[in-house]
Structure formats: structure tokens, C-alpha cells
Amino acid sequence: MGKKRVPSRRGFSAAESPDYHAFSQEILHSGHADLPLAGFLRQTTLRLLEFFACEQVELAVRREDRCLRCRARTRRDAPPEVETHQQACDGVSLADCEKSCAGTMSESHSLSLPLMTAGTTIGRLRLMRAQQGRFSSHDQAARDALAQALASALFSQLDHAALRERIKELTCLYRLTQLAETPGITSTELFGGVARLLPDAWQYSEIAAARVVLDDVRYESARFDSCVACQSADIVVAGQKRGSIDVVYREPRPEMDEGPFLKEERNLIEAVARHLPPIIQRRQAAEEEQRLQEQLRHADRLATIGQLAAGVAHELNEPLGNILAFAQLAEKQPGLPRQAADDLEKVVAASLHAREVVKKLMLFARQMPPQKTLVDLNQVVEEGLGFLQTRCAKNGVALERRLSSHVPRITADPSQLNQVLVNLVVNAIQAMPDGGTLKLVTCAARGNVMLVVEDDGSGMTPEVLEKIFIPFFTTKDIDEGTGLGLAVVHGIITSHGGSIRASSEPDRGTRFEIRLPIRLPDDPQGASAEGEVDLHPIREV
Ligand code: ADP
Ligand code: MG
């Protein structure tokens, strides 16, 4: 037996034979390395190139209907060149596939070893030499043993890779479910969290980044910038595409099933895309419920304030009436000193003002039943605007009217409706100190008539918007507002069986939508929905 050694980069002389045993052991152990399959192939192919001191080594391994091939070549005065690619092997055996890809060197200088485990060919090793001579037939048995060790290592790598992918998939889906079930988690935390957990489940996690796009909002993991390869899946909620999931690699990697991505990764991204819609729907339902609860609480709060206001108004009404009556009586006394007459005049004026406030409180508390007749909403708007037009023009406010000719008459109190219009329009004018556009729309909508008053003025913060219907809530100076306008509007609309919605955004404007039911004896079904306007609320209460 000749002297055994693992050859250097220069190869070994004919007298020496390489230490197949030690090398086979090394290869066998490397099967347990935690490397992506392509990485393992590259590393092993380079080791084989050095061990056999050849010009070229090709290592091919079968993955289902595909063949992953790695080729390493020595180069003059440069490190060896390695390339990996995958191709379909459909129907053709690996051996045939190998033959068709064989190099151009003469057969005597090339050696092809099948890699088999349990009677199945899982790959093939091809060694090619041009100058160092033929492969010695003495080493045949040792080479076969090495091929077996290599087959074993490859098998364990394939097995490992499949298991690893499965574990990653399960871990990823488990973490996603955990995230979705975190109480009170915000959309940013949830979808941002999903984007952050995805890269770990991809083969080259160190260069992976991910992004979830939902309703045009982007949630990205760190370093989602440069991208050389991208794998995407659509998020489809109730049959509608609402966004996508994208996983990218920032650097090139060997070609696998789908660019550098694995088939398992395609399955995983699809699985995540399927997991998200039920989560999105559940969140939407919860948000809707919360909004309804909030609305209920708001209505409840207004009702309580209404009761209080009604009580106060009722208690004040009588003494106020007395003060006014007696002051007016006293005013009529002959020979009153001038000072006393002046003072009494002030008492009368203050009482009248206080009575107005009480009246408004009663309107808010629905203590003043509407005097109902058949009313044409368009006429109320036209007549109201007749008085307000000059004020609008003076403040640089352009009026835009879209009054539908299909608005049926409703049973309502015209003077109360006029009050609603005046209060809304005056607020709008006050919200546009530098001028703007005031839109007034009427239309019929599903058994209701609708009045929309919209301005592009200062708008409101959510905190202000929440309180606007509460009596005495105002953001204005004492001589500009009493905080009773919208409370009155709310009271009137509610006492007509209607509803009011406000939406607003700071610096963008405010929109009020009022719906009043059509209950005409000759039209019990209500009017058609013709002329309905599209609603895009900004932020509502
Ligand atoms: P007042 O006008 O006397 O302040 P309101 O009840 O009419 O009382 O309005 C309450 C508050 O709602 C106002 O002080 C203002 O802050 C806000 N508001 C009402 N309408 C608008 C509007 N069109 N644009 C901006 N803010 C408004
Ligand atoms: Mg007002």
C-alpha cells in the first residue's frame, strides 16, 4: 500500500494515493452541517476538486423532478470558479441528464460515479482531468466507498433541508397566529410584525427582507430597499385583492426552484397570504363593533345630558318668565328715575337672552315638539340661503348648490329645519375666515331625504369632533359662539326621527350629513334612491 495523504492544491503524484478513508469520513460528517443545500453543494464540490486534483468536478443531485448541479473548475492563477444551477429533469433519469450535460473531454480522463442510497440514484459525481493523467483503476473500490459516503451526506442534507423548511414554515405560521391573537395589537404592530418574522423563514435569511402591503399601507422589515430577487403573493379578502406579501433577497444567490427561492418558500408565502384574510376580517369586524359601541355610548351620553338640560331648562323657565314679566311691568311705572329705567332695560334684555338659551336647551332636549307640515327641503334651503348669501359673499365664501329635483316632500317643522340650516351654514362660514367653498347638497336616499353641508375650512381634531353636539361646547370666543348651535341641530333632527353624521379633518374641512325619514301617506315605500350622493366620510362622530 502506498503512502496515504490528503493531496495539496497541486495534486498528488502517481506514486502516492490520496487518503480516501479520511476524506470519506470528512464528507460523511459534513452531511450534518446546517447549510442551505446550494451552499453545501458548492463547498463539497470545491473539496472534491482539491482532493482529486482535477480540472473540473460536477456534482449533481436530484430534488424531485429537478436536478441541482454544481460545477467547480480550476483556473490559472485564480481561485477555482464555482457555479450552481438547477434544471428540470422531468422524465429523464439523472444518468441520462448527466450524459447530455457531459463535458467535451475524452472519457479516459473523465470519471462518472453514481451516488446511490437504498438502491436509488440520488445524484452523480463527475470528475474530469486533462493533464494530471487518467484515474487509477487501483483506487476503484476506495472511490466507490467515497461515492457512498457522499451519497449518504447528500441524503442527510436533503432530509435536513426538507425538515428545516418544514420547521421554519411551522414556526413562522405559529408566530403569525400568536401575533394576531395579541390583545389590543395595532395594525402597524401586527403587519409590521409579520413583515419582520418572514425573513427568518427564508433560506438566506441574512440577506432577506419582507413587506406586507394592505390597502396601500406598507409595513416593511428592516432594510427592504435594494432587491435583486422577489417572491410575492396576493392578499385576497372576500374575493378582492387588498394587498400583497413580498419577500426579497438583497444579493444574488444560486438559481433554485423560483429564481433563488425554494418551492417550499412559495408554499409558505402562499400559506401566509391565506392566513391573513381571516385575521383582517376579524379585525375589521371588531373595529366595526367598537365603532358602534362608541356611537352608542355617544348617543347615551347625549341623552343623559339632554335629561339634565331639560330639567335645568324647565326649572329656569318659570322664574325667568317671572323676572321678565315683573321687569317689564316695573318699566311701565310712571316717573321712574332714569337710572332705574336703564337698569330695568338691562334686566329685560338679559332675561330675553336667558330665555333664548333656555329655548335652545329645550330644543336640544327635544322638549319643543316640532309643528309638522309638509315641507319641501329644497325650498327650506333656498329660503335660508336667501338670508345667508350676503354673509357668505362678505366672507369670500363661494356657494355651490346641488339640489336634486327628486327630493320628495317630508313631514317636518319648517322653522326648525331653517334653524338647522342656519346653524350649520354659520358654523361653516366661521370655519372659513379666509374664504372657501360651501357645498349644499340635497337628495333622496333609501327612504330618507338627505342634506349635506360641506366646507373646506379649518376642520376639527378628533377630540373636538367628539364633543360638538354637547351643549355649551365651543372653541370660539365668547362673542362668537355659545356652543348651543349643534346641540340644537342634534335635538331637532332627532325629534324628527332623523340622524346626523359629522366627518372632519383638520385643515381639510367638515361635512355634515343629515337624513330625515320620508313618511308620506301617499308614498309609504319612501322615495327612490335617485340622485344619491356618494359618501366619503373623513372622520365621523
Ligand atoms: P358654536 O358655533 O357656538 O361654537 P356649535 O355647537 O355650533 O357652537 O359648534 C360647536 C363647535 O363645533 C364649534 O365651536 C367648533 O369648534 C366646532 N364646529 C362646528 N361646525 C364646524 C365647522 N363647520 N368647521 C369647524 N369646526 C366646527
Ligand atoms: Mg355654531
Side-chain angles (χ1 to χ4, degrees), residues 30-50 56-61 63-64 66-75 77-88 154 157-158 160-169 171-173 175-176 191-213 218-234 243-273:
S30 68
H32 301 290
D34 194 15
L35 273 177
L37 188 60
F40 172 78
L41 282 187
R42 289 166 82 86
Q43 194 187 70
T44 310
T45 310
L46 277 172
R47 287 166 105 174
L48 288 161
L49 185 77
E50 183 166 2
Q56 186 171 314
V57 169
E58 244 184 48
L59 184 56
V61 57
R63 297 174 63 235
E64 293 169 25
R66 277 153 182 260
C67 178
L68 182 58
R69 189 183 308 280
C70 182
R71 180 185 292 156
R73 272 198 204 104
T74 48
R75 287 185 298 181
D77 303 325
E81 174 190 57
V82 206
E83 54 188 28
T84 316
H85 68 277
Q86 184 167 259
Q87 61 187 153
L154 272 175
Q157 265 297 317
L158 287 171
H160 249 85
L163 189 67
R164 233 179 3 233
E165 292 313 315
R166 185 79 188 123
I167 291 174
K168 277 187 195 167
E169 179 187 332
T171 312
C172 178
L173 294 177
R175 284 168 63 195
L176 192 155
F191 301 114
V194 174
R196 278 189 297 279
L197 67 84
L198 286 174
D200 275 352
W202 260 249
Q203 202 181 188
Y204 300 103
S205 50
E206 69 287 359
I207 53 151
R211 175 176 71 182
V212 175
V213 182
R218 291 150 183 253
Y219 307 92
E220 291 175 2
S221 70
R223 306 213 286 149
F224 187 94
D225 32 41
S226 53
C227 141
V228 295
C230 176
Q231 199 170 37
S232 295
D234 287 348
S244 62
I245 303 173
D246 309 295
V247 177
V248 300
Y249 281 153
R250 292 190 306 270
E251 291 169 22
R253 283 295 180 269
E255 286 283 308
M256 295 299 279
D257 306 319
E258 185 187 322
F261 301 105
L262 297 173
K263 208 170 67 195
E264 290 83 352
E265 289 160 350
R266 162 57 50 200
N267 292 341
L268 178 57
I269 199 169
E270 299 283 354
V272 173

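We count residues from 1, following the sequence as given. Bear in mind that the values here come from a model prediction, so they are computed numbers and not experimental data.
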Rounded distance (nearest 0.5 Å) linking atom [atom1] of [X] with atom [atom2] of [Y]:
{"X": "Thr45", "Y": "Gln56", "atom1": "OG1", "atom2": "CD", "result": "11.0 Å"}
{"X": "Glu265", "Y": "Leu198", "atom1": "CD", "atom2": "CG", "result": "11.0 Å"}
{"X": "Phe40", "Y": "Thr84", "atom1": "CZ", "atom2": "OG1", "result": "12.5 Å"}
{"X": "Glu264", "Y": "Ile269", "atom1": "CD", "atom2": "CD1", "result": "14.0 Å"}
{"X": "Asp257", "Y": "Leu68", "atom1": "CG", "atom2": "CG", "result": "9.0 Å"}
{"X": "Gln203", "Y": "Glu165", "atom1": "CD", "atom2": "CD", "result": "6.0 Å"}

Would you say [X] and [Y] make side-chain contact, with heavy atoms under 4.5 Å?
{"X": "Gln43", "Y": "Leu35", "answer": "yes"}
{"X": "Arg63", "Y": "Leu37", "answer": "yes"}
{"X": "Tyr219", "Y": "Val194", "answer": "no"}
{"X": "Asp200", "Y": "Arg175", "answer": "yes"}
{"X": "Leu197", "Y": "Cys172", "answer": "yes"}

What is the minimum heavy-atom distance between [X] and [Y], and which atoms define it?
{"X": "Lys168", "Y": "Ala201", "result": "CD-O, 3.2 Å"}
{"X": "Cys70", "Y": "Val82", "result": "SG-CG1, 3.6 Å"}
{"X": "Pro254", "Y": "Arg42", "result": "CG-NH1, 4.2 Å"}
{"X": "Arg196", "Y": "Pro199", "result": "O-CD, 3.4 Å"}
{"X": "Ile167", "Y": "Thr171", "result": "O-OG1, 2.5 Å"}
{"X": "Ala222", "Y": "Ala209", "result": "O-CB, 3.8 Å"}

May I ask you to decide if [Y]'s main-chain N or O and [X]'s side chain share a donor-acceptor pair within less than 3.5 Å?
{"X": "Gln86", "Y": "Met256", "answer": "yes"}
{"X": "Glu255", "Y": "His85", "answer": "no"}
{"X": "Gln231", "Y": "Ile245", "answer": "no"}

Could you go through the salt bridge (charged side-chain N to carboxylate O under 4.0 Å, His left out) check for Glu251 and Arg253 one step at a time? CA-CA 7 Å; Glu251 291 169 22; Arg253 283 295 180 269; 3.6 Å; yes

When you look at Arg47 and Glu50, which way does the salt bridge (charged side-chain N to carboxylate O under 4.0 Å, His left out) test go after all the steps? CA-CA 5 Å; Arg47 287 166 105 174; Glu50 183 166 2; over 6 Å; no

Among all residues two or more places apart in sequence or in another chain, which pass the salt bridge (Lys or Arg N to Asp or Glu O under 4.0 Å) test with Arg266? Glu258, Glu270

Among side-chain atoms of Asp234 and Ser244, is any donor-acceptor pair under 3.5 angstrom? no

Would you please test Trp202 and Leu268 for side chain to side chain contact (heavy atoms under 4.5 Å, CB included) and show each step? CA-CA 9 Å; Trp202 260 249; Leu268 178 57; 3.6 Å; yes

List in chain and number order the residues that pass side chain to side chain contact (heavy atoms under 4.5 Å, CB included) with Ala271, two or more places apart in sequence or in another chain; answer none if no residue qualifies. Leu173, Arg274

Is the ring pair Phe261/Tyr249 parallel, tilted or perpendicular, if the boundaries are 30 and 60 degrees? parallel

